[in-house]
Structure formats: C-alpha cells, structure tokens
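Encoded as structure tokens, the structure appears first; notes follow it.
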Amino acid sequence: MTNHEKANIYWHQGQIRKADRERLSGHRGAVLWLTGLPASGKSTVAVALEKKLFDRGCRTYILDGDNIRHGLNRDLGFSPEDRTENIRRIGEVARLFCDCGVLTMVAFISPYQSDRQAAREAAEEPGTFIEVFVDCPLATCEQRDPKGMYRRARAGEIQGFTGISAPYEVPEKPEIYLDTGINDLSACVDTVIRYLEMNGFIPA
Ligand SMILES: Nc1ncnc2c1ncn2[C@@H]1O[C@H](COP(=O)(O)OS(=O)(=O)O)[C@@H](OP(=O)(O)O)[C@H]1O
Ligand SMILES: Nc1ncnc2c1ncn2[C@@H]1O[C@H](COP(=O)(O)OP(=O)(O)O)[C@@H](O)[C@H]1O
C-alpha cells in the first residue's frame, strides 16, 4: 500500500492523454528549464523563444521567477529552503503544463543541482525535461544588471544574492548550453529551436 493509499488519496485517470493533446497541437509538450545567474538572459531568451515558437503555430507558456513570485510563490523568500520550495512548486506546475502538450519555458535561477534534478524527476515522461544552461560570466551579468540588483547586492542592500553572496551550482550535463556572453540573442534562440526540431518536439 502506498503512502497516498494509506491517506485515502487516489488518482483519477481522465480519458484524454498527453499524446491526444499533442496530436491536436501538432507538436510535443516539453519543459524547457532555463537556469542561470541573475541577468544571464533567462527571461530575454524565454520571451524571444516563445515568440518564435508561437509564430510557428506552437502552444507555449512562460513561467518566470519574477512573475510567479508575485502570485503562487509570494510567500517565499530567498533562503535555501524557500528556493527549494520555489523550485519544487514550479517543477510541479511545469509538469502540468507539459502534460497539456504545451512547450513550457521555465526561467528561474534554480541555483541548486538537487532541486533541478527533482524537477526533472517530476516531469513524467523521460526526455521531456530539457535543461537549458544560460551561461554568462558573472562580470558580464554584473555589467548588464538590468534591474540594478547586483549594484544593490554589492552595496550590502540585498543579502544572499546569487553569484555574490549565495551559490549557483553549474549544471553538469544540460541538454542545451547557451553562452549569452558570446552569442547574440537570435543565435541562442536558434540553438534551442534546432534542438526541438532535431529531437522531434516540433516539426522541422
Ligand atoms: N537574494 C536574491 N538572490 C537572487 N535573486 C534575487 C534575490 N532577491 C531578489 N531577487 C530577484 O528574484 C529573481 C530570482 O527569482 P527566482 O525565483 O528565479 O530565484 S530562485 O530560483 O528561487 O533562486 C531575480 O531575477 P532574475 O534576475 O530574473 O534571475 C532577482 O531579480
Ligand atoms: N544573447 C543574449 N541573450 C539574452 N540576453 C542578452 C543577450 N545578450 C545581451 N543580453 C541582455 O542581458 C540582459 C539579461 O536580462 P534578463 O533576461 O532579465 O536575465 P535573467 O532573466 O537571467 O535575470 C538583458 O538586458 C538582455 O538584453
């Protein structure tokens, strides 16, 4: 007997499955998990990627840390425990979107390898969790600083800021590697599109 059965919680199976929804959409569902330092380019890549996929007729959605922390995760801060819970919840939400057959872009720092691994394991179907390491040297991120967060972190106004006073664990084997310090935005987006085409997520 599983723990859920012991707690009298059961699973209800619907008649429509992920594959049925994907047939309707004409492409597969996936979680594109963009991880990287603040200002590495996660949101910028996600937005440009979504536009390109949407213009090709794909069903898409972006789950962005900044936005989700205004609602679903408004109760969470930036302690290691809160970041873990942040990623756990969003891993579950991403799994649901993926099950809908949607190409789901997740743009969270997600600094801990174990949290990203848990999100990968939450994605039901093997291969549908695509880790995208949005890499960029810290010095370049700091120079970009679109929200002025690094400046405030250096001034001691923000404690435990990722890259300055909190860790970022680099992905060991991401499915996709983007170097936004060297490659421009359209090259980064094309790299992801090519991956999706070559792995049968979207028609070539
Ligand atoms: N202490 C601290 N550390 C890191 N980031 C901070 C912090 N405080 C606020 N912010 C702002 O919150 C954005 C990151 O939220 P995430 O949900 O992606 O973070 S995490 O995955 O839980 O680590 C992040 O946005 P991005 O720059 O888009 O990554 C910051 O603007
Ligand atoms: N190749 C690139 N990809 C993504 N962003 C880039 C790139 N080159 C420069 N940038 C700039 O870097 C900044 C990244 O900010 P943002 O997307 O908010 O990062 P994050 O979501 O990781 O915090 C933006 O000002 C963007 O215009």
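Bear in mind the structure is a predicted one, so any value in this text is a computation, not a measurement. Every number for a ligand or one of its atoms is a count from 1 in the order of the listing.
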### Query
Just wondering, more than 12 heavy atoms not from Phe54 lying within 6.0 Å of its CZ?
no
### Query
Counting only heavy atoms, which portion of Asn183 has something under 4.0 Å from ligand 2: side chain, backbone, both, or neither?
backbone
#### Entry: Closest protein heavy atom (residue, atom, distance) for atom 14 (C) of ligand 1
Ile109 CD1, 3.6 Å
## Note on the structure
the protein heavy atom lying closest to atom 29 (O) of ligand 1 turns out to be Lys42 NZ, 3.1 Å
### Task
Assign the ring pair Tyr177 / Phe133 to parallel, tilted or perpendicular, where the plane angle (0 to 90°) is split at 30° and 60°.
perpendicular
### Task
Please work out whether any backbone atom (N, CA, C, O) or any side-chain heavy atom from C-beta onward of Ser40 is under 4.0 Å from ligand 2, and answer side chain, backbone, both or neither.
both
### Message
Heavy-atom contact check, 4.0 Å cutoff: does Ala39 meet ligand 1?
### Response
yes
### Query
Numbering the atoms of ligand 2 from 1, which are under 4.0 Å from a heavy atom of Asp184?
1 (N)
#### Entry: Intermediate values then yes/no, side chain to side chain donor-acceptor pair (under 3.5 Å), Arg144 and Ser40
CA-CA 9 Å; Arg144 291 175 177 169; Ser40 57; over 6 Å; no
### Task
Any atoms of ligand 1 less than 4.0 Å from a non-hydrogen atom of Met149? List them with their elements.
9 (C), 10 (N), 11 (C), 30 (C), 31 (O)
### Region of Pro38 engaging ligand 2 - heavy atom pairs below 4.0 Å
backbone
### Query
Just which atoms of ligand 1 are under 4.0 Å from any heavy atom in Ile87?
21 (O)
### Salt-bridge present (Lys51, Asp55; N to O < 4.0 Å)
yes
### Query
Does the N or O separation between Cys188 and ligand 2 drop below 3.5 Å for any pair?
no
### Task
Starting from atom 21 (O) of ligand 1, find the nearest protein heavy-atom neighbour and note its residue, name and distance.
Ser110 N, 2.8 Å
### Query
Should Arg89 and Asp75 count as an ion pair when the cut-off is N to O under 4.0 Å?
yes
### Query
Hey, quick one: are Met105 and Val189 part of the same hydrophobic cluster, counting side-chain heavy atoms closer than 4.5 Å, chains of contacts allowed?
yes
#### Entry: Heavy-atom nearest neighbour in the protein, as seen from atom 1 (N) of ligand 1, with distance rounded to 0.1 Å
Gly160 O, 2.9 Å
### Task
Number the atoms of ligand 2 from 1 as they appear, then name those within less than 4.0 Å of a heavy atom of Leu37, with their elements.
22 (O)
### Message
Do Thr35 and Val106 have side chains that approach each other closer than 4.5 Å (heavy atoms only, starting at C-beta)?
### Response
no
#### Entry: Closest candidate by heavy atom, reference atom 19 (O) of ligand 1, pool Tyr168, Tyr150, Phe78, Phe108
Phe78
### Message
Side chain, backbone, both or neither: which applies to Leu178 and ligand 2 if a contact is any heavy-atom pair less than 4.0 Å apart?
### Response
neither
### Task
Return yes or no for this condition: an N or O of Ser43 is under 3.5 Å from an N or O of ligand 2.
yes
#### Entry: Nearest protein heavy atom with distance in Å, relative to atom 20 (S) of ligand 1
Asn86 ND2, 3.7 Å
### Message
Tell me whether Val47 shares a hydrophobic cluster with Val45, the cluster being built from Ile, Leu, Val, Met, Phe, Trp, Tyr side chains joined at under 4.5 Å.
### Response
yes
### Task
List the closest protein heavy-atom neighbour of atom 26 (P) of ligand 1: residue, atom name, distance to the nearest 0.1 Å.
Lys147 NZ, 3.3 Å
### Task
Record the part of Arg144 in heavy-atom contact with ligand 2 below 4.0 Å; permitted values are side chain, backbone, both and neither.
side chain
## Note on the structure
For atom 3 (N) of ligand 1, the closest protein heavy atom turns out to be Arg83 NH2, 3.1 Å
### Message
Within the 4.0 Å heavy-atom shell around Pro146, which atoms of ligand 2 are there?
### Response
15 (O)
### Query
Any chance the side chains of Arg116 and Ser110 put a donor and an acceptor closer than 3.5 Å?
no
### Query
Between Thr162, Thr180, Val189, which one has a non-hydrogen atom sitting closest to atom 2 (C) of ligand 2?
Thr180
### Query
Cationic tip of Arg69 within the cone over Phe78's six-membered ring, i.e. under 6.0 Å and within 45° of the normal?
yes
### Query
Between Arg88 and Glu92, is there a salt bridge with N-O shorter than 4.0 Å?
no
### Task
Verify, without hydrogens or angle tests, whether Asp82 (side chain) and Gly77 (backbone) share a donor-acceptor contact under 3.5 angstrom.
yes
### Query
Does the cation-pi check pass for Arg120 over Phe129, that is, NZ or CZ under 6.0 Å from the six-membered ring centre and within 45° of its axis?
no
### Closest approach of any protein heavy atom to atom 16 (P) of ligand 1, naming residue and atom
Arg69 NE, 3.6 Å
#### Entry: Reference residue Leu32; test side chain to side chain contact (heavy atoms under 4.5 Å, CB included); the match among Val192, Thr104, Thr128
Val192
